[in-house]
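Just so you know, these numbers come straight off a predicted model, no measurement behind them. Atoms considered below: every heavy atom in the structure, side chains included; atoms not considered: hydrogens, waters and symmetry mates. Numbering of residues begins at 1 and proceeds along the displayed sequence.
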Amino acid sequence: MERKAANIYEDTRELLNQVKEDFQFKSDDHAIKFLCNMFISDNRTGLLKKYLESTKKAGE
């Protein structure tokens with residue numbers, strides 16, 4: 001798998017470092033994969049999709 005570097009703003013870097021420290025993740029990749037998987041599997045993700053659809057329709 002090819003590695004690509006992400007552009008991360010300073011405030012996002014601070015948050016990611018805090019998550020890594022508080023929960024003892026060994027790498028950015030490990031923390032980000034875990035957080036993304038948790039977000040995708042959460043049932044509240046559907047609410048966000050509905051919200052985005054409604055704002056899209058409102059803008060048309």
| Under the salt bridge (Lys or Arg N to Asp or Glu O under 4.0 Å) rule, what pairs show up with a residue in residues 7-18, not counting sequence neighbours? | R13-D28
| field | side-chain hydrogen bond (donor to acceptor under 3.5 Å, both in side chains) involving D29 - partner list, sequence neighbours excluded | value | R3
Tabulate below the donor-acceptor pairs under 3.5 Å that side-chain atoms of residues 32-45 make, not counting sequence neighbours, or state none.
unit_1 : atom_1 : unit_2 : atom_2 : d
N37    : ND2    : K33    : O      : 3.1
S41    : OG     : N37    : O      : 3.0
S41    : OG     : M38    : O      : 3.3
D42    : OD1    : R44    : N      : 2.7
D42    : OD1    : R44    : NE     : 3.0
D42    : OD2    : R44    : NE     : 3.4
D42    : OD2    : R44    : NH2    : 2.7
T45    : OG1    : F39    : O      : 2.4
T45    : OG1    : D42    : O      : 3.0

| message | For residues 47-56, which residue pairs pass the side-chain hydrogen bond (donor to acceptor under 3.5 Å, both in side chains) check, not counting sequence neighbours? | response | none
| Residues clustering with M1 (ILVMFWY side chains joined when closer than 4.5 Å, directly or via others) | none
| Can you name the closest pair of heavy atoms from K20 and A31 and give their distance? | CG-CB, 3.9 Å
